[in-house]
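What follows is a short report on a single structure.
Heavy-atom basis, side chains included; hydrogens, waters and symmetry copies ignored.
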Amino acid sequence: MEVPPEMLDALAGWFAQSLSPDAAARRAAEQSISSATASPGFALALLGLSASPRHDLQARLAASVHFKNLLRRRWPKPDAEADDAADHLPASDCAIIKANLLQLLLTAPPLIQAQLSEALAAAAASDFPAMWESLLPSIVSSLGTAVNAGDVAATNSLLAAAASLFSRFRNAFDNNALRLDLKYCLEIFAAPLLEVFLFASRRLQAAATTVNPLELRPVFECLRLCCEIFYSLNSIDLPEFFEDNMRQWMTEFRAFLTTSYPPPVEADGAPDALRAAVCDNLQLYMEKYEEEFRGYLKEFVEAVWGLLMAQTASPSRAQLAVTAIRFLTTVAESVHHALFGSPEAMKQICDSVVVPNLRLRDDDEELFEGNWVEYVRRDSEGSDADTLRRAACRLLRGLAANYRDQVAALVSAQVQQMLAAYAADRANNWKEKDAAIYLVIALMQKPGATGGGTPVVDMESFFTSVIVPELQAPDWQSEPMLKATVLRFLKEFKDQIPKATALALLPSVVRFLTHESNVVHSYAATFIENLLIIKDAVPVPGVSTVTRSPRYVATDINPFAPQIIQNLSTALSFPDSYENPYLMKCLMRVLGIANISGQIVHEITARLVGILMEVCNNPKNPDFNHYLFEALAAVIGRTGEQDPTLLPAFETSLFPVLQRILVEDISEFWPYAFQIFAQLVNLSRPPLSQNYMQLFGVLLSNATWDRPPCVPALVRLLRAFLRKIPNELNQEGRLPNILAISRSLLSRSSTEDSSFYMLNTLVENVSLDIMSPYISEIWSALFTRLQTRQAVKFVNSLVVFMSLVLVKYGSGVLVSSIDAIQPNLFTQILPRFWIPNLKLIKGALEVKLTAVASTKLLCESAVLLDAAAAQLWGKLLDSIVTLLSRTNQDGAQQEQNDGADAVDIQKTSGYSVSFVRLQYAGKSEDDLLKEVNDPKQFLVTSLATLSAQSPGRFGPVIEQHVDPANKSVLLQLCAAYNANIV
């Protein structure tokens, strides 16, 4: 694989600059990399740089990460849409990558090797094994060579590649194709894996007394990788090979758990990392293959128990303890729970496993002070790496599933003992109270939880005597870890706190927003934000359904809003909280619910704009940035609608930073900026200012639409303009330009939604006299696409668009404009696409639109009212009834969008440029049929009116062509709305 040296040098320079602290240099480098992405051989150049020893290691690592992500994004996928093939890597590049990747991976440094292993897995996810038959045999052959040579380092590199390759079996959906792939892998790799495993185990036994951890670390890693692969290959089913050789595996597993190594080796952590992998495998077998595994269970429970009792300085002991406790929890929840059922065993578990692992440790305090983000992630949100505290409590819950009363008694006594210790010496024993509260959080029933919970305390008494005093204590800055746990208790049980009590405590909680601890003020913000999104079930009078209504509304939060906003603004100035997403999410929520006015609007707008100006220098926290734009959208939306005179002030504050985003090409923020612009346009009154008209010109530029993540936001902005200045489209060739953009979007499945949204926007807002010259062009584009794209999603969008044309311009225009493309085309479209897909339409507004449009077709269109079209008429009615009866059965509990969806919407977006809708920027859809309250009533009353004009004509048609079940539904509707079809 030859890559020109000058290309490698250029790439290395760009990647080095992309890591620069200088924003301008970094953006220039990122732009250069982005521009080069489409160049032929770019992927090969990335791989070449990753493997080039003469270049800087950091640049090589950055290149390997980019290479991995490029393969994930652009490696050809068998099930990809045909129109997405243009984004795929060329087949020639893929072939070269597959021929060289494994060998380059083996010679790369460890950090780069890890990235290339993931890249290999990304390519293999599509091609292996059918289109990459040489891969696994190559790994096996190289493994044999490495083992024969005693080369553990090379063995580990190959095992790491295999581990990445097989990891897909852990979480993939079980189907025949996957099982065939697994069978292929087992036939080739199962026996060599056991050979490598036994080779490494013998080598470890031979060197068991070695005191130098550096000599044994690669051997432990080799065995750990074997265990990781063991887990992957056993994840779907118990393979015959592993069942036949179970004793060999289990014998070695037990030896790893029960053998002690010299203190320097134990302190290195490698033995515990291996033991943790063994415990993962034991848990897998306990969960999935209990019958085959039960003969080994007792000895492994004893071995794991012994590990938990042993003391060691190993840095990996915490993770081992988590996996060990997880295994014991699985046993405790199984039919073998009697192993722990005796009072003595249960007390020993509580005293020796749960309580020691429940108390805060030194490294917890260090994490609390030194890396608050990670502490919050582990403590409050959970993470991939479980914590000892959580694992210990899960073990208690597992025991409680079969021994509820015994566990409740033990834990209740323990909680009282801890609280008594705290009362005896508050200054030194605050950790006891912290552990007691954590126990209650873990074991008491919470709303929505299953299993009934374990009643360890009287909750009301505990809340009053233990929690409230900490919230109202004068020394509220002291013992920050205890205060954080108290606030977490509030968050966990927020639904159970009466509204009056919560509002009474709110000033005390608001105080903690300015606590000097990042964790404490983050937890206070999280509680307030979570409190404001609580919804209570409210029965709907006369209907057997419920709706969910917010518990806290503007009148509840208004008295506290100014202080909350002020304290949050202060906290955002604290060290390490400049971009605290928990604070910004809380601010977003308060601004989205409370009614604010006057000076506070100007102050918070200026504060938010100032923060935005700062993060524009280096957008690095996508969660924070999303909530920041949501907060701006909330201020603009709520206060701008209440007081239109604020609009000039918003424009003065926001235009400079929004223009900076566009001019400096801060691509991460483009989708947000266009949504904020759309919001401002929606609030404006014609004639629009020159600034907006310049933006309108930018919007109509083809280049603006070249960025797929921006397209949905651009369509929303176009919609806003068309609502205000629809006649502007009739000037300077603007409408043809928009239609050309729409055709381009329509040609790709990934952007076809936006194309339909754009066309819908045009029809909704532009009069027929302006649209008429172009309507045939629109149909031609849609039906040409329909010839190759008949997916349900596309056809449903087409039915919605046709319905919109009918509702806005009339059934005659719809039919004649389609038939102008080809005679009688409409009567071909109707039975092939409209009628069968009508019953598949989803969404309250879409269902209403298509049902009303179809009803109008039935009752107004000459084509459908022709006697020769009786069958079509009957089938269309049948489809309408199916649609309306289905939505009735679904209940369609449509909740008003209060921005709650904004809470976690950014979690999957990462650091890539993507469109994320701003919930507080306003709804994207309007009901065009406000005059129709109920589409069911509209259907039967329209049919009654039609049949009254031709008595006796439509009854036989209904009898012959409408499904019996739908005829029954139709009769029920007629009775309900007092309508008769005669």
How close do [X] and [Y] get, heavy atom to heavy atom, and via which atoms?
X      : Y      : result
Ser885 : Val969 : CB-CG1, 4.0 Å
Lys936 : Leu884 : CE-O, 3.6 Å
Val863 : Ala869 : O-CB, 3.3 Å
Ser126 : Lys77  : OG-CG, 3.7 Å
Ile821 : Ser776 : CD1-O, 3.4 Å
Gln679 : Ala633 : NE2-O, 2.7 Å

Quick check: do [X] and [Y] have side-chain heavy atoms less than 4.5 Å from each other?
X      : Y      : value
Asn702 : Asn737 : yes
Ile818 : Met802 : yes
Ser854 : Leu838 : yes
Tyr757 : Pro712 : no
Lys875 : Leu830 : no
Leu970 : Ile981 : yes
Ile835 : Leu872 : yes
Leu865 : Phe954 : yes

Report yes or no: do Ser879 and Trp834 form a side-chain donor-acceptor pair below 3.5 Å?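 There is no such pair (donor and acceptor under 3.5 Å, judged by atom type) between the side chains of Ser879 and Trp834.
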Atom pair [atom1] ([X]) and [atom2] ([Y]), whose distance is rounded to the nearest 0.5 Å:
X      : Y      : atom1 : atom2 : answer
Thr751 : Ile741 : OG1   : CD1   : 12.0 Å
Leu943 : Phe938 : CG    : CZ    : 9.5 Å
Glu846 : Leu804 : CD    : CG    : 10.5 Å
Ser861 : Leu814 : OG    : CG    : 8.0 Å
Gln822 : Ile829 : CD    : CD1   : 9.0 Å
Gln31  : Ser667 : CD    : OG    : 8.0 Å

Considering only residues two or more places apart or on different chains, which pairs with a residue in residues 692-715 satisfy salt bridge (charged side-chain N to carboxylate O under 4.0 Å, His left out)?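 Non-adjacent pairs meeting salt bridge (charged side-chain N to carboxylate O under 4.0 Å, His left out): Asp665-Arg707.
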Is it the case that the side chain of [X] and the backbone of [Y] share a donor-acceptor pair, with hydrogens and angles ignored and the cut-off at 3.5 Å?
X      : Y      : result
Arg734 : Glu728 : yes
Glu630 : Gln919 : yes
Glu764 : Leu928 : no
Ser947 : Ala944 : yes
Asn765 : Pro726 : no
Thr37  : Ile33  : yes
Thr945 : Thr941 : yes

Pairs under 3.5 angstrom only: tabulate donor-acceptor contacts from the side chains of residues 682-690 to other protein residues two or more places apart or in another chain.
from	atom 1	to	atom 2	distance (Å)
Asn682	ND2	Ala678	O	3.2
Ser684	OG	Leu680	O	2.8

Check whether the ring centres of Phe677 and Tyr692 lie less than 6.0 Å apart, and answer yes or no.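 No - the distance between ring centres of Phe677 and Tyr692 does not fall below the 6.0 Å cut-off.
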Parallel, tilted or perpendicular: which fits the ring planes of Tyr672 and His626, with parallel below 30° and perpendicular above 60°?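 Tyr672 vs His626 ring planes: tilted.
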Can you list every pair that meets ring-ring contact (aromatic ring centres under 6.0 Å, His included) and has a residue in residues 705-735, with sequence neighbours left out?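 The answer is Phe696-Phe721.
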Candidate pair Lys848 and Leu929, rule side chain to side chain contact (heavy atoms under 4.5 Å, CB included), full reasoning: CA-CA 8 Å; Lys848 182 179 180 181; Leu929 294 164; 4.0 Å; yes
Closer than 4.0 angstrom, basic N to acidic O: yes or no for Arg27 and Glu668?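 Salt bridge flag = yes for Glu668 with Arg27.
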Pairing of Lys967 and Glu959 as salt bridge, 4.0 angstrom limit: yes
Just to verify, what does Phe801 make a ring pair (Phe, Tyr, Trp, His ring centres under 6.0 Å) with, not counting sequence neighbours? Trp779
Please tabulate, one pair per line, all N/O donor-acceptor pairs under 3.5 Å involving side-chain atoms of residues 653-661, not counting sequence neighbours.
from	atom 1	to	atom 2	distance (Å)
Ser653	OG	Ala649	O	3.2
Arg660	NE	Glu664	OE1	3.2
Arg660	NE	Glu664	OE2	3.2
Arg660	NH1	Met613	O	2.9
Arg660	NH2	Asn617	OD1	2.6

Please list, chain by chain and in numerical order, all residues satisfying side chain to side chain donor-acceptor pair (under 3.5 Å) with Tyr774, sequence neighbours excluded.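 Side chain to side chain donor-acceptor pair (under 3.5 Å) list for Tyr774, sorted by chain: empty.
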Leu662 and Phe669: side chain to side chain contact (heavy atoms under 4.5 Å, CB included), yes or no, with the steps? CA-CA 8 Å; Leu662 300 183; Phe669 292 166; over 6 Å; no
Sole candidate of Val807, Val852, Leu849 that passes side-chain contact (heavy atoms from CB on, under 4.5 Å) when paired with Val932: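 Exactly one option meets the side-chain contact (heavy atoms from CB on, under 4.5 Å) with Val932, and it is Val852.
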